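Please read all numbers here as calculations on a predicted model, not as lab measurements. Whatever order the structure lists them in is the order used to number ligands and atoms, beginning at 1.
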Amino acid sequence: MAALMMRVGPGSFASARVYRPALCSAAAAILRSSSSLPERVKIVEVGPRDGLQNEKTVVPTEVKIRLIDMLSEAGLPVIEATSFVSPKWVPQMSDQEEVMRGLHKKAGVNYPVLTPNLKGFQAAMKAGAKEVAIFGAASELFSKKNINCSVDESLLRFEEVMRAANQEGVPVRGYVSCVLGCPYEGKVSPNKVAEVAKRLYSMGCYEISLGDTIGVGTPGGMTEMLNAVKKEVPVEALAVHCHDTYGQALANILVALQNGVSVVDSSVAGLGGCPYAQGASGNVATEDVVYMLHGLGIHTGVDLPKLLDAGSYICHSLNRRTNSKVAQASCKL
Ligand code: HMG
Ligand code: MG
């Protein structure tokens with residue numbers, strides 16, 4: 001039975017009217033096995049990094065820290081906290097060290113950070129990061145615009161990061177951007193995506209996140225791309241990272257789950273975009289992903305009302321409307 005709870009006050013969903021997608025466990029099990037869906041999905045929350053890197057106004061450090069803490073309280077197992085990139089390129093992330101030092105690390109939660117090169121990796125270590133992510137692309141022009149080097153040059157830089165990370169025993173996640181389209185080159189070949197994913201995986205990345213950076217993909221394109229990538233990288237090591245520009249993200253994620261993927265990146269309140277991918281809107285909203293997964297009987301460990309509170313907090317702080325349909329609907333209930 002769907003449960004409706006009373007909303008107690010502005011900004012609080014902890015005991016608010018959140019419609020709970022309910023499914024009896026037998027029905028959920030049948031649904032999962034008939035469509036090969038995973039029993040559990042790991043959600044990688046990227047809002048504090050992917051979301052806030054794209055804000056026009058400077059977000060105060062204490063707001064970022066509070067957001068990260070609320071997300072860890074909501075049960076997110078991985079929260080990408082910030083990035084150690086050039087402050088000239090992405091001023092919004094220039095307080096990365098303060099963010100890392102200020103957040104209240106919760107046991108069992110990982111707080112990875114982006115590191116484009118050795119300089120970024122060393123700064124991340126100094127600030128206490130325990131996991132990093134390197135970020136490449138399947139498009140030459142995007143790579144040049146985003147990190148100022150070709151795809152091959154980026155892979156050489158990432159190898160340096162990987163060697164240093166191995167010495168420190170630090171796990172490294174890898175991103176491939178523009179897997180379903182590029183803002184500068186248009187169509188991107190699934191084989192190119194597979195090639196870059198394979199190189200990152202062979203280098204030692206434990207997980208490869210496939211980024212639809214500008215949210216142009218459809219379930220058809222996602223299936224084709226995953227078929228190519230799965231020939232090179234075990235599906236257990238794949239994640240999907242869907243921006244929702246064309247409203248296809250949830251459909252694309254569902255198709256990825258049916259293809260065996262069980263790690264999904266998302267951003268609270270649907271914040272985000274990439275400063276070097278014009279027109280790209282935010283990631284799919286974490287609230288909407290959690291709602292869909294719970295409705296499929298898939299475990300996430302995430303407390304939806306607490307997550308809605310985190311979304312409400314950041315939207316109030318930024319004075320903007322949430323992009324999460326679930327949050328919008330829950331406010332009206
Ligand atoms: P560069 O200018 O080519 O670097 O930038 P450089 O090595 O020539 O150095 C130039 C200056 O930058 C020097 O300082 C360096 O010290 C400094 P100066 O002597 O001029 O004072 N520098 C750094 N400073 C701080 N941290 C560093 C660092 N490295 C060099 N790590 C660089 C190359 C990669 C640094 C630059 O292009 C950059 O920072 N780009 C930002 C990229 C970015 O953050 N993009 C957004 C994230 S990616 C994304 O959103 C996609 C994703 O979500 C997946 C998806 O959606 O597809 C992950
Ligand atoms: Mg992104």
[X] heavy atoms, cut-off 4.0 Å: which ligand 1 atoms fall inside?
| X | answer |
| --- | --- |
| N148 | 1 (P), 2 (O), 3 (O) |
| R49 | 47 (C), 49 (C), 50 (O), 52 (C), 53 (O), 58 (C) |
| N117 | 27 (C), 28 (C), 29 (N), 30 (C), 31 (N), 35 (C) |
| P116 | 31 (N), 34 (C) |
| V90 | 41 (C), 43 (C), 44 (O) |
| F135 | 42 (C), 43 (C), 48 (S) |
| H241 | 53 (O), 54 (C), 55 (C), 56 (O) |
| F84 | 26 (N), 27 (C), 31 (N) |

Any carboxylate oxygen within less than 4.0 angstrom of a Lys/Arg side-chain nitrogen, looking at [X] and [Y]?
| X | Y | result |
| --- | --- | --- |
| D265 | R49 | no |
| E195 | K192 | yes |
| K119 | E160 | no |

Any chance the side chains of [X] and [Y] put a donor and an acceptor closer than 3.5 Å?
| X | Y | value |
| --- | --- | --- |
| Y206 | E131 | yes |
| H104 | D69 | yes |
| S324 | D288 | yes |

Practice prompt. Would you mind telling me if ligand 1 is within reach of the side chain of D50, the backbone, both or neither, using heavy atoms under 4.0 Å?
Written response: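 It is the side chain that gets close, since no backbone atom is under 4.0 Å.
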Fill in: ligand 1 versus M93: contacting region, heavy-atom distance under 4.0 Å
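Under 4.0 Å from ligand 1, M93 contributes no heavy atoms.
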Check each of [options] against [atom] and report the one with the nearest heavy atom.
| atom | options | value |
| --- | --- | --- |
| atom 54 (C) of ligand 1 | S143, G211, G120, S177 | S177 |
| atom 22 (N) of ligand 1 | E153, K119, K145 | K119 |
| atom 41 (C) of ligand 1 | I147, N146, V46, T115 | N146 |

Discussion item. How large, to 10°, is the angle at the Mg ion (ligand 2) when you draw lines to OD2 on D50 and to NE2 on H243?
Written reply: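 Value, to the nearest 10 degrees: 100°.
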Worksheet entry | Geometric cation-pi criterion, R66 with Y313: 6.0 Å, 45° |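 Yes, R66 and Y313 form such a contact.
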Item to complete: Answer yes or no for R199 and Y201: cation-pi contact, defined as NZ/CZ to six-membered ring centre under 6.0 Å and angle to ring axis within 45°.
Response: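 The answer is no, since R199 fails at least one limit relative to Y201.
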Practice prompt. Write down the atom of R101, the atom of K126, and the distance for their closest heavy-atom approach.
Written response: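 Where R101 meets K126 most closely, the heavy atoms are NH2-O, 3.0 Å.
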Worksheet entry | Polar atom proximity, K88 to ligand 1 (N or O, under 3.5 Å) |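 Yes, K88 has an N/O under 3.5 Å of an N/O on ligand 1.
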Worksheet item: Angle class for the F135/F158 ring planes (parallel below 30°, perpendicular above 60°, tilted otherwise)?
Response: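 Rings of F135 and F158: tilted, 30 to 60°.
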